[in-house]
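For reference, the structure is listed below as structure tokens.
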There are 2 protein chains.
Amino acid sequence: MGEIREPLRELTECGLPQALEVMGERWSFMILRASFNGLHHFEEFLSELGIARNILSNRLAKLVEHGILKREPCADDRRKIEYRLTEKGSDLLPAMLALRQWGQKYGSGAPENPVLVDERDRLPIGPVSILAHDGRILTLRDLWFVRPDKIGLRSDGTQAEASAGLGRGDVIDLAAAKKTG
Amino acid sequence: MGEIREPLRELTECGLPQALEVMGERWSFMILRASFNGLHHFEEFLSELGIARNILSNRLAKLVEHGILKREPCADDRRKIEYRLTEKGSDLLPAMLALRQWGQKYGSGAPENPVLVDERDRLPIGPVSILAHDGRILTLRDLWFVRPDKIGLRSDGTQAEASAGLGRGDVIDLAAAKKTG
DNA sequence: AGCAACTGGTTTTGATTCGAAACTTGGTTT
DNA sequence: AAACCAAGTTTCGAATCAAAACCAGTTGCT
């Protein structure tokens with residue numbers, strides 16, 4: 001027993017829901033971006049983002065609770081609280097940049113104001129990319145969803161096309177989504 | 001006049017708000033993931049995601065409206081509607097994967113069920129990465145936010161540390177956020 | 001010491017959104 | 001025709017969001 005329930009939900013086992021639990025809420029990413037931009041204090045976030053006080057308070061508490069920001073009293077002015085990115089928070093940079101780049105690509109062609117550059121040559125960074133284990137850049141066409149127990153399996157090619165029905169097949173043809181673009 | 005208002009809001013000019021306008025809503029990313037996983041129909045999303053019907057209807061309409069999915073009647077069964085990723089929608093793959101990987105890294109160590117592999121060797125993909133224009137992988141320490149008119153400027157090094165105050169400086173020290181992790 | 005101003009909240013009160021369940025409309029199966 | 005199915009829409013109560021007022025330590029000023 002227990003096999004019958006949640007039939008398609010097998011597909012759901014990935015980190016996305018957990019990521020969205022925190023970052024899926026309305027202002028979380030904007031606060032994160034402000035944090036990357038060097039803002040640390042409540043009133044700074046408030047005036048930068050134009051968010052309501054109570055919501056900001058709530059979001060900051062949640063981000064702290066989830067270990068994305070850390071909250072510590074300011075040494076020199078004990079009214080102030082410093083909110084700073086933790087390592088866990090900083091690790092959201094690729095996700096934030098990928099979103100930002102996507103928004104930039106498809107949004108109103110307004111030029112982004114603080115441009116991210118490589119400190120080495122001060123040239124704008126390239127696109128956030130999906131890399132293979134050996135560093136090759138992968139596109140949608142290069143990818144497959146496979147069941148964990150099938151990793152590394154050499155396929156004889158025939159199952160490549162037999163992937164329409166989810167939940168039973170070993171492999172899901174991601175390229176199918178691309179063909180229709 | 002016009003210089004005084006929106007003092008810090010200069011920082012806000014990037015694609016993130018536009019990306020969040022669509023993808024920031026509660027179920028958008030989960031629907032997108034289901035779409036990448038090969039689901040195309042209303043009832044499929046419904047049973048896969050466990051979302052309310054009216055919300056799903058609303059989200060799908062918004063995703064279509066924003067050109068992330070396209071909605072077309074099914075040829076063989078005219079009751080059915082096919083929702084398919086557009087190119088614009090497919091371009092969200094790096095953002096979705098970055099989020100997923102982050103959630104995976106910090107979530108409950110549950111193994112992800114459909115693992116993304118490189119079709120070439122069937123090995124799991126690497127982390128979504130920020131690349132320099134020449135393909136080097138960049139980390140937080142390698143990055144600077146600079147004003148658009150300062151791109152490519154060779155700095156004499158002294159301004160590297162003088163970056164605490166936003167809005168006036170030419171450059172924002174992203175590494176400052178890292179030091180505290 | 002006394003008082004205004006500042007920082008980071010909390011409370012209160014409406015507006016919006018979410019969610020479950022029932023209902024509708026057109027298409028298909030038998 | 002009757003039953004059924006896919007994709008919605010409607011209705012209504014619950015949760016969330018937002019604007020504004022209020023509150024409590026801290027600080028600066030005199």
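Remember, it's a predicted structure, so these values are computed and weren't measured experimentally.
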Hey, which sits more toward the 5' end of DNA chain D by its nearest nucleotide, D76(A) or E82(B)? E82(B)

Please report, rounded to the nearest Å, how far the C1' atom of dG9(C) is from the NE2 atom of H41(A). 15 Å

Residues S57(A) and N54(A): side-chain donor-acceptor under 3.5 angstrom: no

Footprint ends on DNA chain D, 5' to 3', for atoms under 4.0 angstrom from a heavy atom of chain A, come out as dC17(D) to dT27(D)

How is Y83(B) classified with respect to the nucleic acid when contacts are heavy atoms under 4.0 Å: base, sugar-phosphate, or nothing? sugar-phosphate

Contact check, side chains of L97(B) and R100(B), non-hydrogen atoms, under 4.5 Å: yes

Is the shortest heavy-atom distance from the side chain of I137(A) to the side chain of L131(B) under 4.5 Å? yes

Each nucleotide in nucleotides 16-27 of chain C should get exactly one letter: B, S or -. Can you fill that in based on protein heavy atoms under 4.0 Å? --SBB-B---BB

Can you find a pair of side-chain heavy atoms, one from R71(B) and one from Y83(B), that are under 4.5 Å apart? yes

Is E25(A) paired with R59(A) through a side-chain N to carboxylate O contact shorter than 4.0 Å? yes

Indicate yes or no: at least one non-hydrogen side-chain atom of F145(A) is less than 4.5 angstrom from one of V115(B). no

Can you name the salt bridge (Lys or Arg N to Asp or Glu O under 4.0 Å) partners of R53(A), sequence neighbours left out? E43(A)

If the threshold is 4.0 Å, N to carboxylate O, is there a salt bridge linking D118(B) and R120(B)? no

